[in-house]
S.K.: 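Dropping the structure in here first, questions after.
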There are 2 protein chains.
Amino acid sequence: MLSAACRDSIRAMIYIANLSKKEKYKDRFISIYKIARDLGLSFYFLSKNFQKLVKAGLLESHRGPQGGVKLLKPPSKIRLIDIVAVIDGMDFFNNCILGFEKCSDENPCSIHNLWADKRRQILSMFEKTTLEDAIRNIEKFENIKV
Amino acid sequence: MLSAACRDSIRAMIYIANLSKKEKYKDRFISIYKIARDLGLSFYFLSKNFQKLVKAGLLESHRGPQGGVKLLKPPSKIRLIDIVAVIDGMDFFNNCILGFEKCSDENPCSIHNLWADKRRQILSMFEKTTLEDAIRNIEKFENIKV
DNA sequence: AAGATTTAAGAGTATTTTATCTTAAATATA
DNA sequence: TATATTTAAGATAAAATACTCTTAAATCTT
Ligand code: FES
Ligand code: FES
């Protein structure tokens, strides 16, 4: 459902949001190299994907020593769907699951009535969930993967 | 979410199920060439994918004139998940949405608690929906795409 | 038996996605 | 000002997926 690029990006955004809460990193740029290393991701792949998030205005970047990226909005204002939309686009939520040209209630495929409902719920989840929510889970649960 | 191979296969299976209801095609083999033509799919791609469904015991195939494929079970006994499992596998339903090695309630990622629920509902839909259900929609609605 | 039809299987090609590399540009710091 | 650090951008490479082709095998029809 999510591309590898999108999965990595979401993980990294959650990581940045979480780190930004700590006094030490408050308002500071965090280097992409550090993020990739800490999360076990490819620095190359992550920086490439981050370029889209920067262009889209979700991240601010800064070059040179002490440079890196930081969130342009508080974690509570950044939804998962914002990241998905930038990296993967909204095709998943707009297109027919059986691959037909268009998807609509008026001209449905034979499983549209069942699928549209599920898809709406997934969309709703990605719209409602913010980086703040993810951070809260990290703080709340033991044994959680970041 | 579904691969192109899987989308095509599901459409084709629904088509076969629907056709099999008609007296003329009752218990007959339906040629893959005809199916692909009628659905606007690639004959090559579809026949390749069908090979998996044949091996998996969802389809029976027969070569030569009047050959083709036919369902091995009544449409009410073939669930969408059966087709998905054969063509795409169950990775989508088993793996972590953020790409972590394993997915479990005991060792979750930071959005597992939200995602696991949605994923369960999608799985449930694919488990509950049979080719018979799709056919009923085709009969029930106008303007439906097959 | 011969020829036509149809799927099976494996090889081959094309496209997309993933991942990496290289060079340039910006900027902090010494 | 020189150097080191860090992202930007575009080119390249590798891997996965999508799609096509060729030959063989099965089997129906004549
Ligand atoms: S038309 Fe197929 S999912 Fe909407
Ligand atoms: S651990 Fe990530 S979805 Fe379950």
Side-chain angles (χ1 to χ4, degrees), chain A residues 1-13 16 25 27-72 84 86-89 91-92 95 98-99, chain B residues 1-12 16 25 28-72 84 86-89 91-92 95 98-99:
Chain A
M1 189 218 151
L2 299 181
S3 69
C6 195
R7 293 194 315 249
D8 287 4
S9 299
I10 290 177
R11 274 189 68 198
M13 289 291 275
I16 296 170
Y25 290 97
D27 286 324
R28 301 272 301 282
F29 288 102
I30 301 164
S31 97
I32 302 175
Y33 180 82
K34 171 187 166 56
I35 299 168
R37 175 168 44 72
D38 289 358
L39 297 182
L41 301 175
S42 152
F43 162 72
Y44 288 135
F45 195 44
L46 186 60
S47 31
K48 200 118 261 320
N49 297 140
F50 267 7
Q51 291 178 12
K52 289 188 190 174
L53 296 175
V54 170
K55 279 189 184 151
L58 292 181
L59 282 178
E60 181 185 354
S61 69
H62 192 76
R63 304 191 211 197
Q66 314 308 318
V69 293
K70 71 174 162 193
L71 303 181
L72 266 172
V84 172
V86 169
I87 304 292
D88 282 350
D91 280 3
F92 175 82
N95 292 356
L98 292 186
Chain B
M1 190 218 151
L2 299 181
S3 69
C6 196
R7 293 194 314 249
D8 287 3
S9 298
I10 290 177
R11 276 190 66 197
I16 296 169
Y25 291 98
R28 301 272 300 283
F29 288 101
I30 301 164
S31 97
I32 302 176
Y33 181 83
K34 171 187 167 56
I35 299 168
R37 175 169 43 72
D38 288 358
L39 298 182
L41 302 175
S42 152
F43 162 73
Y44 288 137
F45 195 44
L46 186 61
S47 28
K48 197 114 271 309
N49 298 138
F50 267 7
Q51 290 178 14
K52 290 188 188 174
L53 296 176
V54 170
K55 279 189 183 152
L58 293 181
L59 282 178
E60 181 185 355
S61 69
H62 193 76
R63 305 191 211 196
Q66 315 307 318
V69 292
K70 71 175 162 191
L71 302 181
L72 265 172
V84 172
V86 169
I87 304 292
D88 282 350
D91 280 3
F92 175 81
N95 292 356
L98 292 186

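None of these values were measured; they are calculated from a predicted model. Proteins come first, then strands; the chains are lettered A, B, ... in the order of their sequence lines, and each starts at number 1.
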S.K.: Base, sugar-phosphate, or nothing: which does Lys34(B) touch, judged by heavy atoms less than 4.0 Å apart?
M.R.: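 Result for Lys34(B) = nothing.
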
S.K.: Write down the distance between CD (Gln51(A)) and P (dA19(C)), rounded to a whole number of angstrom.
M.R.: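 It works out to 16 Å between those atoms.
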
S.K.: Output the rounded distance in Å from CZ (Phe92(B)) to C1' (dT17(D)).
M.R.: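 Going from CZ in Phe92(B) over to C1' in dT17(D) covers 18 Å.
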
S.K.: Can you name the ring pair (Phe, Tyr, Trp, His ring centres under 6.0 Å) partners of Phe45(A), sequence neighbours left out?
M.R.: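 Here no residue qualifies.
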
S.K.: Quick check on contacts: within residues 40-49 of chain B, what sits under 4.0 Å from DNA chain C by heavy-atom distance?
M.R.: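 The stretch gives Phe43(B), Lys48(B) as the residues lying under 4.0 Å from the strand, ordered by number.
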
S.K.: Might you work through the side-chain contact (heavy atoms from CB on, under 4.5 Å) test for Phe50(B) and Ile35(B), ending with a clear yes or no?
M.R.: CA-CA 11 Å; Phe50(B) 267 7; Ile35(B) 299 168; 4.0 Å; yes

S.K.: Stepwise, does the side-chain contact (heavy atoms from CB on, under 4.5 Å) test hold for Leu58(A) with Lys52(A)?
M.R.: CA-CA 9 Å; Leu58(A) 292 181; Lys52(A) 289 188 190 174; over 6 Å; no

S.K.: Can you tell me the distance, in whole Å, between the CZ atom of Phe50(B) and the C1' atom of dT6(C)?
M.R.: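 It works out to 14 Å between those atoms.
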
S.K.: What is the distance, rounded to the nearest whole Å, between atom CD1 of Ile35(B) and atom C1' of dT7(C)?
M.R.: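 Roughly 12 Å, once rounded to whole Å.
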
S.K.: Protein-nucleotides 3-6 of chain D N/O pairs closer than 3.5 Å?
M.R.:
unit_1: dT6(D); atom_1: O4'; unit_2: Gly64(A); atom_2: O; d: 3.3
unit_1: dT6(D); atom_1: O2; unit_2: Gly64(A); atom_2: N; d: 3.3

S.K.: Rounding to a whole Å, what distance do you find between Ile87(A):CD1 and dA19(C):P?
M.R.: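 Taking CD1 of Ile87(A) and P of dA19(C), I get 13 Å after rounding.
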
S.K.: I'd like to know whether OH of Tyr33(A) has more than 12 heavy-atom contacts from other residues, nucleotides or ligands below 6.0 angstrom.
M.R.: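 For Tyr33(A), atom OH is not crowded (no more than 12 foreign heavy atoms under 6.0 Å).
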
S.K.: Excluding sequence neighbours, so at least two apart, what forms side chain to side chain contact (heavy atoms under 4.5 Å, CB included) with Val54(B)?
M.R.: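 Applying side chain to side chain contact (heavy atoms under 4.5 Å, CB included) to Val54(B) gives Leu59(B), Ser61(B).
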
S.K.: Rounded to whole angstroms, how far apart are CD on Glu60(A) and C1' on dA8(D)?
M.R.: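 Nearest whole value for this atom pair: 15 Å.
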
S.K.: Applying salt bridge (charged side-chain N to carboxylate O under 4.0 Å, His left out), which residue pairs with at least one partner in residues 55-65 of chain B are found, sequence neighbours left out?
M.R.: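 Qualifying pairs, neighbours excluded: none.
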
S.K.: Rounding to an integer number of Å, can you tell me how far Leu59(A) CG sits from dA8(D) C1'?
M.R.: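 Roughly 14 Å, once rounded to whole Å.
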
S.K.: Taking only residues two or more places apart in sequence, or in another chain, which ones meet Ser3(B) in a side chain to side chain contact (heavy atoms under 4.5 Å, CB included)?
M.R.: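 Partners of Ser3(B) under the side chain to side chain contact (heavy atoms under 4.5 Å, CB included) test: Ala5(B), Cys6(B), Ile87(B), Asp88(B).
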
S.K.: Quick test of your reading: applying salt bridge (charged side-chain N to carboxylate O under 4.0 Å, His left out), list the pairs with at least one residue in residues 40-49 of chain A, sequence neighbours left out, ordered by first then second residue.
M.R.: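 Sorted pair list comes back empty.
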
S.K.: Which part of the nucleic acid does Lys55(B) contact within heavy-atom distance under 4.0 Å: base, sugar-phosphate only, or nothing?
M.R.: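 Lys55(B): backbone/sugar contact only, no base atoms under 4.0 Å.
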
S.K.: Find the distance Phe29(B):CZ to dA26(D):P and express it as a whole number of Å.
M.R.: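 Interatomic distance, CZ of Phe29(B) to P of dA26(D): 16 Å.
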
S.K.: Which residue pairs pass the salt bridge (charged side-chain N to carboxylate O under 4.0 Å, His left out) test when at least one of the two sits in residues 30-44 of chain A, sequence neighbours left out?
M.R.: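 Residue pairs passing salt bridge (charged side-chain N to carboxylate O under 4.0 Å, His left out), neighbours aside: Lys34(A)-Asp38(A).
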
